[in-house]
Amino acid sequence: MRAFVRVLIPLVGVLAALAWAAAALLNGTARAWYEKDVSLRAHLVVAGAREALVTHLSGGDRKRVGALLAEIARDDRIMAASVCGRGMRTLARTGVGPSAYECDGLRERFGDPGEGGRLELDRVEDAEGGLVHLTVQPLLDDGGEVLAHVALVHDLSFVARREAALRRYTAGAFAIVAILASILTVFVRRLSWRTWNEELRRLLTLGWAAPGASARSPRKEFQPLLSDVRQLVSDLAAEQGLGAGGRWSAERLHRTLTETLHGEGIVTLANREPYIHDRAPDGSLRVLHPASGLVTALEPVMRACSGVWVAHGSGTADRAAVDAHDRVRVPPGEESYAIRRVWLTPEEERGYYYGFANEGLWPLCHVAHTRPVFRAQDWREYQRVNRRFADAVCEEVDGPDPIVLVQDYHFALAPRMIRERLPRATIISFWHVPWPNAERFGICPWANELLDGLLGSSVVGFHTQLHCNNFTDGVDRYLEARLDRERQSVVLGGRESLVRAYPISIDWPNRWAGEAPPAAECRRQVLAELGLPPDAKLGVGVDRLDYTKGIEERLIAVERLLERFPHLRGRFTFVQLSAPSRTLIDRYRELSERVDAIAARVNARFAEGAWRPIALMRAHHEPPAIFRYLRAADVCYVSSLHDGMNLVAKEFVAARDDERGVLVLSRFTGAARELTEALLVNPYDVEEASAALATALAMPPDEQAARMRAMRAFVADFNVYRWAGRMLVDAARLRQRDRLSTRLNLGLHSVHEVKP
Ligand code: F6P
């Protein structure tokens, strides 16, 4: 209906404008014709009566002149006629007209032409009661001398009446055309919708029909759609058929795992552990939640699925918390799964984690203008540590065909290593950071080994299709593998790996948002802690202190905001929560110093009394504290220069059940493709970013609510259970196929053996 109105309103508008223009044109033309016509008649009348008038005037017979005028005035349209003699004195007159048209009136208005002078008029005037046409013509004797003047007044009020009638007819014609056009539009729309529907139905039927069931193939213009539609329908069928339908939840994910994958537990391999045991200053054991998007996403999945999370034991008190098998059950108090801790020597950590993973692969994958460093020693450690973790995974599985989730760029080699020991394992690898294009990827001296390692997986997942394409382009360029673009897979050494996009997300309902105090209370607490008045405006940024996050650019945008909008000085405070990260790497130390320097400069520049525009909180913050800030803020600015997804953006959305607060989000995050109601910015463009911050701070509450509601609805549906569920469903299908083909191969093999 809306589309129909959208078509119809402009159509009626155009028709109305055309009708109005046509009526104006017709009226103008008709009026010119009428006036010309009347003028001609007036001249004809006088010419016809001239001879008689001259005769009677020359004979001084005014009575006969009057009779002649009366004869002339018998014409309905002639309102009055006068003959004016010398000095424009009335010699004869007839009819009733305004005095302005009698000889005296004419003399007053146009003057006395004088002895032998001529007065000639031919004009339309607006008189009381309507338009009139006035002609004054000199009456010449046979010698060409002016004997008198004849004035004729024609009634033109009929012109206005005819114009009104014409307008009515045009309006009527327009209404008829508009009605016909509306009927025609509805009809054509219905017809094309029905045709489209029929085509689509037939197209879908053809998709499932047995070969040759229908001789007719879909119309040419629909053919490119065929694979898309089939894919869409098969995705929907997969989501509905495998596990119960509806929104993905922890329960549904668990059901999918038990029903589709027959209850097998999961072994997750990720460098970062979800719970870190640490010593509090008083010497007691405490548990910390690391700042990591990977942990944010994976932890609820593990709680739903149960199993083992194999990770680097990085906490200072980690060893004190584990059992004899280096395992500890978590979450504390709930204990639904176990962490298996792997211990690394300082050399291993330096080479594998700081070196190859974070000085090599991290800058390689992010377009943030930091040069990757590849050292042979780091590579050796990376290989060795991948082997150690792969061995730990194999120790944790409880059968020959486990489900293993391998996470991130720390473990590109582990899938192949696990595959070698467990050929029937279902290995799902997920790359949490962007994947570079083939040319860029090629600068890594061990590009082939990394690709080969990942292709030990059954499924290789990325956040976006672009990163999938980059990966398959790399495979195409550097390996002898077969790409199956239709199935979105790579076949290497006879084994297929699906390469697909699975945009990651957070748990919904979100655990931390659910546990946080109401938004108003969070705001009250946070403002009090910062020493700000209740009407202060608050911005917040939450990140690891990493050069890909655009923290420098963010603080410079705050500086520019205060330059451009001085009314915000003393009123707006930006709180940056930055968790120290990878501090042994020079580039990170350098970043930390630069961020400090920018914050100090901006604060010094705009300080007013106790107020400072930037509050830099460089410390680890636990999720409850982070959520308090997210709920208190008027604006959250995520300014990553390049980011696979960025889950802080989604956490901000989850935190705002009060439907307030504005998200300003870098275009260069995966999240920007999904949270389109955020204010999207280029973080390098300080003008654009500062303008967006100003817009956010001035946004009316109802617009904030509308944007926030839409983003919350999106994240609720596209939550992390769906992310994991889709990967598991794809893996289950592949697993089913592999099992069938193994059985078939075994069957054929036994036939060969019996034959001889
Ligand atoms: O997106 C998640 C992520 O960027 C991971 O790639 C990374 O492992 C994590 O956050 C944090 O980094 P780290 O484990 O080095 O502290």
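These numbers were taken from a predicted model, which means no experiment stands behind them. Every number for a ligand or one of its atoms is a count from 1 in the order of the listing.
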Quiz item: Any Lys/Arg nitrogen of Asp323 or Arg329 sitting under 4.0 Å from an Asp/Glu carboxylate oxygen of the other?
Solution: no
Practice problem: May I ask you to say whether Arg667 pairs ionically with Glu688, meaning some side-chain N is under 4.0 Å from a carboxylate O? | Solution: yes
Exercise. Go through the steps for Glu420 and Arg416 under the test salt bridge (Lys or Arg N to Asp or Glu O under 4.0 Å), then give the verdict.
Key: CA-CA 6 Å; Glu420 280 161 5; Arg416 172 71 61 214; 5.2 Å; no
Quiz prompt | Closest approach of Ala390 to Ala414 (non-hydrogen atoms, all atoms of both residues) | solution = CB-O, 4.3 Å
N/O donor-acceptor pairs under 3.5 Å from side chains in residues 366-374, not counting sequence neighbours:
residue, atom, partner, partner atom, Å
His366, ND1, Trp362, O, 2.9
His369, NE2, Tyr684, OH, 3.2
Thr370, OG1, Arg587, NE, 3.0

Exercise. Heavy-atom cut-off of under 4.0 Å around ligand 1: list whichever protein residues fall inside it, by chain and number.
Key: Arg272, Ser292, Gly293, Leu294, Tyr353, Trp362, Asp408, Tyr409, His410, Val433, Arg544, Arg582
Quiz item: Under 30°, 30 to 60°, or over 60°: which ring-plane class applies to Phe430 and His463, parallel, tilted or perpendicular?
Solution: perpendicular
